[in-house]
Structures are given as structure tokens and as C-alpha cells.
Amino acid sequence: MSTVRTRFAPSPTGYMHIGGMRTALFNWLWARHNGGQFILRIDDTDQERNVAEALEPIFRAFRWLGLDWDEGPDVGGPHGPYYQSQCGDLYQAAIDRLLADGHAYRDFEPPAETQRQREAAEKEKRTYVNSRQSLELSDSQRSDLVAQGTPHVVRLLVPRDRKVAIDDVVRGHVEWDCALMPDPVLCRSNGTFLYNFATVVDDARLQISHVIRAEEHLTNTAVQALLHEALGNPLPVFAHIPFITAPGSTKKLSKRDLQKLRSSPQLKKLFDRADEVFPKLGLGDSTALSPVMVEYYERLGYLPAGVLNALGRLGWSLDDKTEYFSRAELVAGFTLDRIVKKPAGFDADKLASYQAHWMNQLSLEEKLAGCRPFVDAMVEREGWVVPSEETLPKLIAALGDRLKVFSDVLDYPEFFVLDEKLVRDEKAFRQRVIDTPEAKAILSGFVAACPSEESFDVAACEQWLHQFAEAQGLKLGQIVHAIRLSVTGRPAGVGLAETLALLGRERCLTRLNEALGHVA
RNA sequence: GGCCCCAUCGUCUAGAGGCCUAGGACAUCGGAUUUUCAGUCCGAGAACUGGGGUUCGAAUCCCCAUGGGGUCACCA
């Protein structure tokens with residue numbers, strides 16, 4: 001069997017869509033699974049924007065997830081160019097050939113007339129097919145019109161007397177009646193080319209063996225199959241994978257209706273988190289980086305492994321029980337025949353669970369490396385105090401499973417802010433300290449029992465807590481809340497002994513005394 | 001509307017005629033452990049869209065209906 005070559009062809013949109021990333025992943029996996037090649041091709045036929053700039057986030061997403069490409073921008077390759085904007089001559093040559101072979105023709109019908117016919121057909125509830133008036137022209141009439149520079153498009157001459165069919169790897173046999181197909185425009189009157197046509201020329205030129213793409217392209221495939229045939233190309237294998245839907249919806253996940261997505265209970269958490277975290281990091285808010293973009297997850301400190309796992313399991317499964325896949329395991333297990341037909345909803349909860357799983361595989365050093373940039377950013381932008389050498393490692397160790405995503409360190413400001421900047425959860429502090437009659441005695445007694453500076457570590461703090469509770473004839477559960485609220489300002493967090501040790505004797509005493517000032 | 005695709009727990013899925021009184025995971029709800037939270041352990045509830053066939057036997061095959069979706073550009 002010949003080499004497997006797959007491709008992903010993004011247009012320079014300025015961001016990488018999470019659904020597109022899944023399509024790219026499937027292409028990459030299939031190529032890697034077969035020891036073939038994965039090609040990146042840029043569909044930049046509309047040259048309005050700054051292509052290089054709009055491409056950067058896309059490359060960034062690929063690199064972040066560790067999806068490398070064998071041919072394409074940066075790496076080049078023997079089948080270039082890899083930018084459609086540079087392929088004009090190739091497309092023109094293909095047009096000329098089609099014209100010469102009689103597979104295509106010049107259509108001089110004015111757009112307004114085409115439009116009129118289309119509307120008329122619609123009104124009569126008739127399937128529209130174009131009139132083909134220009135086919136009646138004689139050769140000399142035609143060359144006169146061309147010589148006069150009469151605007152015209154080039155259309156494929158669809159063989160209306162038959163059907164086209166493909167055997168899609170995920171859909172099975174699909175066929176269309178050509179009699180119902182208007183002749184598609186290949187080349188615009190301004191000389192530029194259409195996507196459907198350019199894609200076919202490129203797929204053939206790049207010797208793409210498998211076209212794996214979202215199912216919204218299924219209808220296009222009729223035209224593309226016809227084009228390949230007219231061009232004398234071997235037909236690639238098609239695999240139309242289901243698209244990703246918004247959670248709780250059956251519609252395509254799209255960046256267009258961000259407002260609707262925001263109201264989905266599942267995604268709301270993600271949007272809210274973005275609004276909370278991104279401004280602190282100077283990255284805008286959830287509009288600039290929304291959960292439909294790959295970069296959202298990167299910037300929030302998700303793991304490539306978590307996102308890859310989630311994406312890989314969306315619309316694909318290996319068997320009835322395997323849930324966790326590393327990149328290598330995905331490569332080893334991935335086959336097209338196990339792709340699911342039904343559109344799959346993007347499941348933020350499931351992503352969270354994959355993420356947690358892969359985070360727990362990390363060493364302390366790796367977690368440290370992941371968290372540090374977030375702390376640094378807070379130091380730089382939000383006035384956090386530069387932590388001592390051992391603070392962050394100790395905190396991360398104490399955090400344990402609580403750390404799901406690297407940016408979660410941002411939830412523990414109590415270890416990084418000056419005592420006077422400590423913000424307490426008002427409601428919880430009131431309940432556990434101000435409105436708790438015993439709080440005063442507990443806090444002052446606890447302060448008095450504070451161990452000495454020299455031995456102030458987790459073990460000593462553990463002892464401090466236990467001995468004090470015992471001396472008071474209280475259970476740990478009865479003293480813990482007042483102390484925690486006083487010292488961290490929050491009702492939950494890492495183990496209390498760890499918290500105390502992490503803060504150090506001085507800060508503990510300052511904060512405990514400060515809290516004492518709030519009780520009568 | 002035409003054409004095309006799809007249809008198993010709330011969600012992601014297993015199931016290619018008997019192994020299905022339908023399995024797993026996430027989520028949910030109990031209970032245990034714990035100093036809060038997180039976690040962990042144990043447990044529970046939760047699905048084959050409907051109707052016809054075919055067959056000794058259907059979640060699995062066929063047909064129809066219903067529902068959902070995609071696409072109908074001189075967009076990509």
C-alpha cells in the first residue's frame with residue numbers, strides 16, 4: 001500500500017478553533033499511525049489580512065500540542081508551494097487543461113441573470129441548475145467575446161446524465177444525482193479561483209491519500225470527486241468526521257455565538273474563569289480568548305496531554321473501557337474505522353477529568369515549571385511579593401490533587417501577598433470568627449501557644465494544633481475554621497498545618513492578631 | 001424547501017443477530033475516610049426515538065415515520 005499522506009488546511013483566521021484542532025489531530029494521528037506524512041497547507045486565497053500574523057496562533061497551537069508537520073510552512077517540502085496564494089499558475093494550468101478537454105467551459109452569463117434564475121427556481125420550488133446558455137456559442141463567437149475582454153467565469157461541465165459516488169470511510173457509500181447539480185464555478189471573472197477547485201488541485205498535487213475533514217464538507221465532495229475525475233486524478237480516500245457541537249446543543253460549536261455559549265452552564269465556568277484570570281495576566285478577557293480557541297487552554301495552564309486526550313476521545317474510541325491516552329497511545333491505537341458518526345458535544349467536565357488525570361502524572365518539578373510563570377506574572381502585575389525559594393515547591397506539594405490547572409496557583413494569594421493586603425472572605429470570616437463566641441478565646445490561646453521560631457515547620461505546626469486543641473478540651477474541627485479564616489481569609493485550602501508552616505511564624509502571628517482585632 | 005448525513009444513560013461512548021436482566025467513563029446523588037477543600041474507597045439512579053418487517057432470536061439487518069443536523073455563493 002502506498003504512503004499515507006494527510007493534510008490540514010487552515011485559513012489564516014487569527015486563532016485556532018478547538019473543533020478544527022480535533023480535525024487536525026485526526027489527520028495527524030492517521031499519518032503518524034501509518035508512518036506517513038502530515039502536511040500543513042495554508043488556504044489563504046482571500047489575501048485581505050496580514051497572513052503571517054493571522055497564522056501565528058495556529059502554528060502556536062500545533063506546537064503547543066506537539067503536532068508536527070512534515071511538509072508546509074517553515075519546514076518546506078518537495079511538493080510546495082504550501083500557500084494557496086502562491087499557486088495561481090498551477091490552478092490556471094489546470095483550468096486550461098479542463099477547458100481544452102471540454103470538461104469546463106467559459107460562462108458569459110451576467111451574475112445578475114444567474115441570480116434571477118436561481119430565485120425563479122426557488123420560487124417555483126424547482127431545483128436550480130444553471131442554464132448553460134454559453135454552451136450554445138460558436139467557437140468564433142466565444143473567441144470574440146474573450147478577445148473583447150467580456151467578463152466570464154469558468155465552470156465545470158457536470159455530466160448531468162449520471163451520478164457521482166464516494167465510499168466514505170466513516171459514512172459509507174454516498175451518492176448524488178448529477179442532474180441536480182449546478183455547474184460549479186471554478187474560476188471567478190476576476191481570474192481568481194474557488195476553494196472547491198483549488199483544494200482538488202492541491203490535494204492531487206500534494207498526493208494526499210486521505211482527506212479527513214468535518215462532515216460539513218460532505219456535500220462539497222460531490223463536486224470535488226467530479227473534479228478529480230475530470231483532472232484524471234486518483235480519488236483520495238474520504239473520511240467525513242462529525243463536527244463538534246456546543247455542550248447541550250446539537251449545533252456546530254462556533255465562535256459566532258459566544259453569547260449563547262456563555263450561557264451554557266458547562267461552559268459558563270470556563271468563561272468565568274477566563275474573566276477572572278486573563279485580566280490579571282494582561283491577556284484581555286473571555287472575548288479575546290474564549291473556550292472555543294485552543295489558546296484559551298494553553299494560557300490558562302492546561303496540559304497538552306489533557307486537551308489531546310479530550311480531543312482524541314471526542315468522536316473516537318478504542319474500545320469499551322480505555323479512557324486515558326497519551327499522545328503515543330493515541331497514535332498507536334487510532335484508526336479511521338473507529339470514528340463515531342454522530343456529532344459529539346464538547347464536554348468541559350470530561351476535559352477537566354482528563355486534565356486532572358494528566359496533571360497527577362507530573363513530577364513536582366514539572367508542576368513547578370508550569371506554575372511559576374503564573375506567579376511571576378502576578379508578581380509583575382498584581383503586586384505579589386516575590387516568594388522565597390522554597391515557598392512555591394512547598395505550596396505545590398501541599399496542593400497535591402487540588403492543582404488541576406497551572407493557573408490554579410492564582411487561587412492561593414494568601415501565600416504571596418503582604419499581611420496588610422490579605423483579603424478575607426467576608427461572609428465566611430464573619431461566620432467563623434466574628435459571630436463565633438469562642439473564636440476570641442481560641443485565637444488568643446492559639447497565639448499564646450505558638451511554637452518558637454527555630455522549629456516552625458509542618459510537624460511543629462501539626463503539634464501546635466493538636467496540643468492546643470487537647471489543652472482546650474476541643475476537637476480539631478472546632479478550632480480549625482477560626483484559625484484558617486484568620487490566617488488565609490478563606491474557608492478552604494491546603495492542610496492547616498502546611499498552611500501555617502508555609503506562612504511562617506511571623507506572618508501567622510500577625511494575621512492571627514489582626515483577626516483578633518475584629519472580635520469584641 | 002431540494003439534496004445529503006445522523007439517532008444507545010444528562011454527556012462521551014461499548015455494542016458489527018444470541019455473550020445484553022445493554023458494559024465503561026464523566027457528571028449527579030448517597031455512604032465511608034478526613035481538620036476545611038480537593039482526593040480516595042464503596043454504593044445508587046440513569047439509555048437502545050416510534051412503527052412495521054426479516055429471523056427460532058434484533059440495540060444490532062431492511063422499510064417507513066419522527067426528530068436532529070449539514071449544505072445549497074463568482075465564501076473557505
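Naming convention: chains lettered A, B, ... in sequence-line order (proteins, then strands); numbering from 1 in each chain. Values below: all heavy atoms of this structure, side chains included; hydrogens, waters and symmetry mates excluded.
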With rounding to the nearest 0.5 angstrom, report the [atom1] to [atom2] distance, [X] to [Y].
X        : Y        : atom1 : atom2 : answer
A:Glu109 : A:Gln117 : CD    : CD    : 4.5 Å
A:Arg338 : A:Leu336 : CZ    : CG    : 12.5 Å
A:Ile434 : A:Glu426 : CD1   : CD    : 8.0 Å
A:Asn220 : A:Asn196 : CG    : CG    : 4.0 Å

Taking the same atom, [atom1], in [N] and in [M], what whole-Å distance lies between them?
N      : M      : atom1 : result
B:rA27 : B:rU60 : C1'   : 28 Å
B:rG31 : B:rU66 : P     : 48 Å
B:rA7  : B:rC12 : C1'   : 15 Å
B:rA22 : B:rA47 : C1'   : 9 Å
B:rC62 : B:rU55 : P     : 16 Å
B:rC37 : B:rG45 : C1'   : 27 Å
B:rA46 : B:rG24 : P     : 14 Å
B:rC9  : B:rC20 : C1'   : 15 Å

Taking atom CD of A:Glu124 as the centre, report whether more than 12 heavy atoms of other residues, nucleotides or ligands fall under 6.0 Å from it.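 Yes, enclosed.
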
Is it true that, when you exclude A:Gln115 itself, more than 12 heavy atoms of the residues, nucleotides or ligands shown sit nearer than 6.0 Å to its CD?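 Above 12, so yes.
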
Rounded to whole Å, please give me the gap between [atom1] in [X] and [atom2] in [N].
X        : N      : atom1 : atom2 : value
A:Asp44  : B:rC75 : CG    : P     : 16 Å
A:Tyr195 : B:rC72 : OH    : P     : 11 Å
A:His217 : B:rC72 : NE2   : P     : 10 Å
A:Tyr412 : B:rU36 : OH    : C1'   : 11 Å
A:Leu156 : B:rA73 : CG    : P     : 16 Å
A:Leu351 : B:rC26 : CG    : P     : 14 Å
A:Met181 : B:rA73 : CE    : C1'   : 15 Å
A:Ile244 : B:rG68 : CD1   : C1'   : 18 Å

Once the angle between the rings of [X] and [Y] is folded into 0 to 90°, is it parallel (under 30°), tilted (30 to 60°) or perpendicular (over 60°)?
X        : Y        : value
A:Phe62  : A:Phe8   : tilted
A:Tyr297 : A:Tyr302 : perpendicular
A:Trp316 : A:Phe334 : tilted
A:Phe193 : A:Phe197 : tilted

Using a 4.0 Å heavy-atom cut-off across all strands, classify [X] as base, sugar-phosphate, or nothing.
X        : answer
A:Arg118 : sugar-phosphate
A:Ile479 : nothing
A:Phe243 : sugar-phosphate
A:His240 : nothing
A:Lys475 : nothing
A:Thr250 : sugar-phosphate

Using atom names, set out every protein N or O paired with an N or O of nucleotides 38-40 of chain B below 3.5 Å, distance rounded to 0.1 Å.
residue: B:rA38; atom: O2'; partner: A:Lys404; partner atom: NZ; Å: 3.2
residue: B:rG39; atom: O2'; partner: A:Asp401; partner atom: OD2; Å: 2.8

When you get a sec, tell me which of B:rU71, B:rC74, B:rG24 is the closest nucleotide to the side chain of A:Glu216?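 When the side chain of A:Glu216 is considered, B:rU71 is the closest of B:rU71, B:rC74, B:rG24.
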
Let's test this: given Watson-Crick or G-U wobble pairing with both distances under 3.5 Å, identify the partner of [N].
N      : result
B:rA16 : none
B:rC9  : none
B:rG1  : B:rC72
B:rU34 : none
B:rG43 : B:rC29
B:rG57 : none
B:rU49 : B:rA65

Pairwise N/O distances under 3.5 Å, protein to nucleotides 3-14 of chain B:
residue: B:rC5; atom: O2'; partner: A:Arg171; partner atom: NH1; Å: 2.5
residue: B:rU8; atom: OP2; partner: A:Lys342; partner atom: NZ; Å: 2.7
residue: B:rU11; atom: O2'; partner: A:Asp347; partner atom: OD2; Å: 3.2
residue: B:rC12; atom: OP1; partner: A:Gly345; partner atom: N; Å: 2.9
residue: B:rC12; atom: O2'; partner: A:Arg313; partner atom: O; Å: 3.1
residue: B:rC12; atom: O2; partner: A:Lys350; partner atom: NZ; Å: 3.3
residue: B:rU13; atom: OP1; partner: A:Gly315; partner atom: N; Å: 2.5
residue: B:rU13; atom: O3'; partner: A:Ser317; partner atom: OG; Å: 3.2
residue: B:rA14; atom: OP1; partner: A:Ser317; partner atom: OG; Å: 3.1

Taking only residues two or more places apart in sequence or in another chain, which ones pass ring pair (Phe, Tyr, Trp, His ring centres under 6.0 Å) with A:Phe243?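 For A:Phe243, no residue satisfies ring pair (Phe, Tyr, Trp, His ring centres under 6.0 Å) once neighbours in sequence are set aside.
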
I'd like to check the ring pair (Phe, Tyr, Trp, His ring centres under 6.0 Å) partners of A:His152; sequence neighbours left out, ordered by chain and number.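 If we apply the ring pair (Phe, Tyr, Trp, His ring centres under 6.0 Å) test to A:His152, skipping adjacent residues, the hits are A:Phe108.
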
Determine whether A:Glu113 and A:Gln133 satisfy the following criterion, side-chain contact (heavy atoms from CB on, under 4.5 Å), listing intermediate values before the conclusion. CA-CA 11 Å; A:Glu113 171 60 17; A:Gln133 279 290 305; over 6 Å; no

Give a yes-or-no answer on whether the side chains of A:Asp44 and A:Gln84 include a donor-acceptor pair shorter than 3.5 Å.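 Their side chains do not contain a donor-acceptor pair, so the 3.5 Å distance test is not met.
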
Between A:Arg213 and A:Thr221, a side-chain donor and acceptor under 3.5 Å: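 Yes, because at least one side-chain N or O of A:Arg213 sits under 3.5 Å from a partner of the opposite role on A:Thr221.
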
List every contact pair, protein side and nucleotides 30-35 of chain B side both N or O, where the distance is under 3.5 Å.
residue: B:rU35; atom: O4; partner: A:Glu462; partner atom: OE2; Å: 2.4

Candidate list A:Arg41, A:Gln224, A:His228, test side chain to side chain donor-acceptor pair (under 3.5 Å), partner A:Asp203, passing option: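 The passing option is A:Arg41.
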
Under 4.0 Å from OP1 or OP2 of B:rG1: is there any side-chain N or O of A:Lys123 that close?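 Answer is no, no contact under 4.0 Å.
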
Is the centre of the A:Phe374 ring less than 6.0 Å from the centre of the A:Phe406 ring?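 Between A:Phe406 and A:Phe374, which both carry aromatic rings, the centre distance is not below 6.0 Å.
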
Output one line per pair: protein atom, nucleotide atom from nucleotides 41-44 of chain B, and distance, for all N/O pairs under 3.5 Å.
none

